[in-house]
Amino acid sequence: GWREAVAAAVGALQAGGLVAVPTDTVYGVACLAQDSGAVRSVYSLKGRNGGKPLAICLGDVDSLYRYCHVNVPDELLRDLLPGPVTLVLKRSEELNKDLNPFTSLVGVRIPNHPFIRELARACSGPLALTSANISCQASTLTVSEFQDLWPQLSLIIDGGPIGDVQSPECRLGSTVVDLSVSGKFTVIRPGCALTSTVEILRQKYGLIPESS
């Protein structure tokens, strides 16, 4: 059952493990963001360049204020989150210093997927979240597509196929937008929700696009 799966995932994360989870875009690998050893394990699992940041994942918009300095209206956050968007904001002192120590910013995800939101709410701090694939390889829409990572994962939550496995658009991942400069936005990764995101930022909130 659902509750058992959440409990098992929380236990694995608290023990410093890495858990594969479905999100609203692609499969992800999560660990506790405040656990420096687990964060290092994610980089080694993916063969990821240490200078590439990890996003944090939260269950609700309200928790975002604890880990970020927010300089946009609350309503803007709620227009985009939960959803297939990563918002990049200035990080607060609450966040683990070993998570992305090279930048004062952090990307925040609140996926529109009930399981991962439930899991994030059940953990004491934020999750660190990245896509379930070796760096530079295609993102994954089913658990069998990241079989090569299974041996290094503590737990795999199989939520079935995400989106259309045949569609390249479904593998784009979230749209990443930097909102750290007041009144402006920078698209860091177009992702799967670019048009609707930019429309909200420009038309509704009058933010000015900066070229990345």
Side-chain angles (χ1 to χ4, degrees), residues 1-35 37-48 52-61 63 80-86 99 107-176 189 191-193:
W2 183 279
R3 202 166 288 136
E4 288 82 358
V6 171
V10 170
L13 292 166
Q14 286 172 341
L18 309 183
V19 175
V21 283
T23 75
D24 53 355
T25 53
V26 296
Y27 270 88
V29 171
C31 74
L32 295 183
Q34 306 297 68
D35 180 339
V39 167
R40 284 192 293 276
S41 299
V42 169
Y43 279 92
S44 103
L45 169 87
K46 289 187 55 116
R48 189 179 177 89
K52 281 186 80 175
L54 295 175
I56 60 169
C57 169
L58 302 166
D60 299 284
V61 170
S63 356
L80 295 175
L81 302 173
V85 183
T86 302
L99 182 81
V108 183
R109 274 280 269 138
I110 303 178
N112 191 11
H113 190 289
F115 182 84
I116 193 166
R117 290 186 68 198
E118 190 77 22
L119 177 59
R121 288 189 194 112
C123 293
S124 53
L127 301 176
L129 184 67
T130 181
S131 53
N133 56 297
I134 304 282
S135 278
C136 303
Q137 291 185 4
S139 46
T140 55
L141 301 175
T142 66
V143 295
S144 58
E145 289 181 347
F146 57 89
Q147 263 176 345
D148 45 348
L149 303 183
W150 289 5
Q152 296 167 75
L153 298 169
S154 302
L155 187 68
I156 296 155
I157 303 293
D158 188 349
I162 298 172
D164 175 3
V165 179
Q166 301 303 321
S167 157
E169 283 76 40
C170 282
R171 295 183 192 274
L172 293 174
S174 62
T175 295
V176 184
R189 179 175 76 190
C192 63

Which residues pass the side chain to side chain donor-acceptor pair (under 3.5 Å) test with Asp60, sequence neighbours left out? Arg117, Arg121
Pairwise salt bridge (charged side-chain N to carboxylate O under 4.0 Å, His left out) hits with a residue in residues 135-153, at least two apart: Glu145-Arg171
To check you understand the geometry: which heavy-atom pair defines the closest contact between Pro161 and Val165, and what is its length? CB-CG2, 4.1 Å
Report the distance from atom CG of Leu129 to atom CD1 of Ile110, rounding to the nearest 0.5 Å. 12.0 Å
Counting C-beta onward and ignoring hydrogens, is there a side-chain heavy-atom pair between Thr140 and Val26 closer than 4.5 Å? no
With sequence neighbours left out, what residues match Ser167 under side chain to side chain donor-acceptor pair (under 3.5 Å)? Glu169
To the nearest 0.5 Å, what is the distance between OG (Ser174) and CG (Leu80)? 11.5 Å
Closest heavy-atom pair and its distance - Trp2, Glu118: NE1-CG, 3.9 Å
Identify, with sequence neighbours excluded, every residue that meets side chain to side chain donor-acceptor pair (under 3.5 Å) alongside Thr142. Ser144
Measuring from Cys31:SG to Gln14:CD, what's the distance to the nearest 0.5 Å? 13.0 Å
Tell me if a side-chain donor or acceptor on Arg48 pairs with a main-chain N or O of Pro53 at a distance below 3.5 Å. yes
Can you check whether Leu32 reaches Leu127 side chain to side chain, under 4.5 Å on heavy atoms? yes
Tightest non-hydrogen contact, residues Val10 and Ala122, listed as CG2-CB, 3.6 Å
Kindly indicate whether the side chain of Ile156, heavy atoms from C-beta on, has any atom under 4.5 Å from the side chain of Leu149. no
According to side chain to side chain donor-acceptor pair (under 3.5 Å), who are the partners of Thr23, at least two apart in sequence or on a separate chain? Thr25
Going from OG on Ser154 to CG on Leu13, what distance comes out if it is rounded to the nearest 0.5 angstrom? 8.0 Å
Heavy-atom closest contact (Asp164 atom, Cys170 atom, distance): N-SG, 3.3 Å
Any donor-acceptor pair under 3.5 Å linking the side chain of Arg109 with the backbone of Gly83? yes
Do Pro111 and Cys57 have side-chain heavy atoms sitting under 4.5 Å apart? yes
Heavy-atom closest contact (Leu58 atom, Pro126 atom, distance): CD2-CB, 3.6 Å
For the side chain to side chain donor-acceptor pair (under 3.5 Å) test, which of Ser41, Ser135, Ser131 pairs with Lys46? Ser131
Contacts of Ile162 that satisfy side chain to side chain contact (heavy atoms under 4.5 Å, CB included) - sequence neighbours left out: Pro22, Tyr27, Leu141
For the residue pair Val29 and Phe146, establish whether any side-chain heavy-atom pair is separated by less than 4.5 Å. no
Considering all heavy atoms, the nearest Val21-Ala30 contact: CG2-CB, 4.4 Å
